[in-house]
There are 2 protein chains.
Amino acid sequence: MPASTSQCGHKPSGLQTHCKDCSLVGLCLPLSLNVEDIDQLDDIIKRGRPLKKGDHLFRQGEPFQSVYAIRSGAIKTYVVTDAGEEQITGFHLPSEVVGMAGIDSDTHAVSAVALETTTVCEIPYERLDDLAMELPQLRRQLMNLMSREIREDQQMMLLLSKKTADERIATFLVNISGRYRLRGFSAHHFRLPMSRNELGNYLGLAVETVSRVFTRFQEQGLIEANGKEVSLINPNELYAMAGGRCE
Amino acid sequence: MPASTSQCGHKPSGLQTHCKDCSLVGLCLPLSLNVEDIDQLDDIIKRGRPLKKGDHLFRQGEPFQSVYAIRSGAIKTYVVTDAGEEQITGFHLPSEVVGMAGIDSDTHAVSAVALETTTVCEIPYERLDDLAMELPQLRRQLMNLMSREIREDQQMMLLLSKKTADERIATFLVNISGRYRLRGFSAHHFRLPMSRNELGNYLGLAVETVSRVFTRFQEQGLIEANGKEVSLINPNELYAMAGGRCE
DNA sequence: CGTATTATTGAATACCATCAACAGACGTGG
DNA sequence: CCACGTCTGTTGATGGTATTCAATAATACG
């Protein structure tokens, strides 16, 4: 199954696509730019060929030159400790921008890898920074994106520090459901792009715990799950269990 | 004891202080600005009277108007869940900037409270944003600050997700030690501005666990602790235990 | 079609939280 | 200055939640 891009009306943008034709223009960096400004941003963006599942977009420690907006597919970002264990820091869907944790150093702070076939827009940071000088809206949008990421990471700290396994999974499901809806996909039925293992890693749980909670949620009639296919049967209950704040 | 400002040569800046006279100029927002640019930044900064321990600098949900650079003292930031429980998202020392998680909304995303007598520089965001248009260095520094915060939050996610209680405390001690050294204070002897309770909350541990780890570390000759006074006896061992990455 | 990876389920263990009691620090007011 | 109450910190005993270990089942992949 060709994943997300086929689930709704989004056109999988071809290599030549421009920002103004992209269905994600209302969510992505160009948000609130006027037409001429969008063209300027468009000029500095490089559109590469698709990444296959498992391909790295960049690796922790590599020279930092660009940030990347996801056009289709899904990306996970992760950090590795000295001990070699990895911590997934985020799953990223179309319109989201990855790589911003590397801005203040000359190397990438995280690694980014495709979870499925994925296309991205590469945005050279030097040129983006120049452009941000001229376009106040763009500068604000950049700051907003980073601010939002800080807020989401802090919500994640809350989750990892205070929530039970059930609450973590519920929070995750409600959160990703909302993000799919924002992008025009079904909020109640979707295919998770990540494995149970990656989900557990991200949520601070063992794989087995993730599995157990999924089966328990099914027994309780909260969800139906068949591998990575998930349907939310009782979103309200999940939302309550998640403790409200999910986005 | 009048806390941090008396521990080394830093002059506790009076109300009239300007950025160019501030001992923190090499760590704070003005970093890498030239003299004239610093004056421009200086013009938009409001310097208020000190906050007493327990005073709120701002509260989650209040209108977002400014970010704040800490001049002396210490601040904790925290989020509260719908259930009313709080998660501390950071402890902040002089030269650090708080409030940036609220940039992309019109309300503050976290609350900020003084842990001891604290002075701050208020920086109205609208004017900072305007100034960022003219001063490329300032814009970069702002982006750098946010980028760094994202990285630190992600390291925190790693800690909360993967580390044991011992590793968490060791990581915290090594981290704050380095931050004190950066600011010209002793790296091996300091007074923690937060309670055991707050430390546990931040690190995802129960108060009792924090207490036990502190006593165990003392028995092992790693530290000496007397309430909030802490000496690092064997920093190398602590560093190893922390798993390297601490900043 | 066979192998490797991923997912599920069960049993035993470990780590930390919780509960409870006490000790010490702090601050207030007598 | 000391008595008092409150808050914070320490220590011990117990229990729960999630991990770990182990085995099997299902899925993906060449």
Side-chain angles (χ1 to χ4, degrees), chain A residues 1-3 52-55 76 83 85-88 113-117 159-172 191-220 223-230 241, chain B residues 1-3 52-54 76 83 85-88 113 115-117 159-172 191-220 223-230 241:
Chain A
M1 186 169 296
K52 290 191 301 292
K53 176 176 178 172
D55 286 350
K76 74 168 173 183
E85 59 186 352
E86 88 179 41
Q87 168 67 38
I88 294 174
V113 89
L115 295 172
E116 57 190 38
T117 302
L159 177 145
L160 293 169
S161 175
K162 297 279 182 298
K163 295 190 181 182
T164 65
D166 285 10
E167 290 165 348
R168 293 183 199 199
I169 303 277
T171 303
F172 170 80
R191 181 182 177 80
L192 297 175
M194 75 293 290
S195 70
R196 296 284 191 271
N197 210 321
E198 290 166 326
L199 200 44
N201 181 301
Y202 177 61
L203 296 175
L205 299 170
V207 200
E208 296 93 324
T209 307
V210 176
S211 222
R212 279 184 248 271
V213 174
F214 267 78
T215 47
R216 185 140 27 86
F217 278 8
Q218 287 189 81
E219 291 164 3
Q220 296 170 346
I223 64 171
E224 273 173 22
N226 189 343
K228 292 176 177 169
E229 296 284 340
V230 176
M241 190 183 292
Chain B
M1 186 168 298
K52 291 191 300 292
K53 176 175 178 173
K76 75 168 174 184
E85 58 186 353
E86 88 180 40
Q87 168 67 38
I88 294 174
V113 167
L115 295 171
E116 57 191 38
T117 302
L159 177 145
L160 292 169
S161 176
K162 298 278 183 296
K163 295 191 181 182
T164 65
D166 285 10
E167 290 166 347
R168 294 182 199 200
I169 304 277
T171 303
F172 170 79
R191 180 183 176 81
L192 297 175
M194 75 292 290
S195 70
R196 296 283 190 272
N197 212 320
E198 291 166 325
L199 200 43
N201 181 300
Y202 177 59
L203 296 175
L205 299 169
V207 200
E208 297 94 326
T209 306
V210 176
S211 221
R212 279 185 248 271
V213 174
F214 266 78
T215 47
R216 185 142 24 87
F217 279 7
Q218 287 189 82
E219 291 164 3
Q220 297 170 346
I223 65 172
E224 272 174 20
N226 189 343
K228 291 177 177 170
E229 296 285 339
V230 176
M241 190 183 294

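The chains referred to below are lettered A, B, ... by the order of the sequence lines, with proteins before strands, and numbering in each begins at 1.
A residue-by-residue look at Asn226(A) and Val207(A) shows that Val207(A) has its nearest nucleotide of DNA chain D further toward the 5' end.
Looking at Val210(B) and Phe172(B), their side chains never come closer than 4.5 Å, going by heavy atoms from C-beta outward.
For Arg212(B) against dG9(D), no side-chain N or O and base N or O form a donor-acceptor pair under 3.5 Å. One cannot find a donor-acceptor pair under 3.5 Å joining the base of dT11(D) and the side-chain atoms of Arg216(B).
One atom, CG of Asn197(A), and another, P of dT27(D), lie 18 Å apart when rounded to the nearest Å. Whole-Å rounding puts the Ile169(B) CD1 to dC15(C) C1' distance at 14 Å. With rounding to whole Å, Arg168(B) atom CZ is found 12 Å from dA17(C) atom C1'. Here the P atom of nucleotide dC26(C) and the CZ atom of Arg196(B) are 12 Å apart, to the nearest Å. Here dA18(D) presents its C1' atom at 14 Å from CD of Glu167(A), a figure rounded to the nearest Å. Put simply, NZ on Lys228(B) is 10 Å from C1' on dA25(C), counting in whole angstrom units. Across the protein-nucleic acid pair, Gln218(B) atom CD and dG9(D) atom P stand 14 Å apart, rounded to whole Å. dC15(C) atom P lies 17 Å from atom NZ of Lys162(B), rounded to whole Å.
Residue contacts shown for Gly204(A) are limited to sugar-phosphate atoms, with no base heavy atom under 4.0 Å away. Nucleic acid contact class of Ala165(A) (heavy atoms, under 4.0 Å, all strands): sugar-phosphate only.
With hydrogens and angles disregarded, a donor-acceptor distance shorter than 3.5 Å links the side chain of Arg168(A) to the backbone of Lys163(A). A donor-acceptor pair under 3.5 Å links the side-chain atoms of Asn201(A) to the main chain of Glu86(A), judged by distance alone.
Nearest nucleotide to the side chain of Ser195(A), out of dT20(D), dA7(C), dT27(D): dA7(C). Among the nucleotides dT19(D), dT8(C), dT6(C), the one closest to any side-chain atom of Leu205(A) is dT19(D). Listed nucleotides: dC19(C), dC16(C), dT20(D). Nearest to the side chain of Thr164(B): dC16(C). Comparing atom distances between the Glu208(B) side chain and each of dT20(D), dT18(C), dG9(D) picks out dT18(C) as nearest.
One finds no salt bridge joining Glu85(A) and Lys162(B) here, because no Lys/Arg side-chain nitrogen approaches an Asp/Glu carboxylate oxygen to under 4.0 Å.
Side-chain nitrogen and oxygen atoms of Ser211(A) include none within less than 4.0 Å of the OP1 or OP2 phosphate oxygen of dT9(C). Taking side-chain N and O atoms only, Thr209(B) has a distance below 4.0 Å to OP1 or OP2 of dA17(C).
Around the CD atom of Glu224(A), the shell of radius 6.0 Å holds no more than 12 heavy atoms that belong to other residues, nucleotides or ligands.
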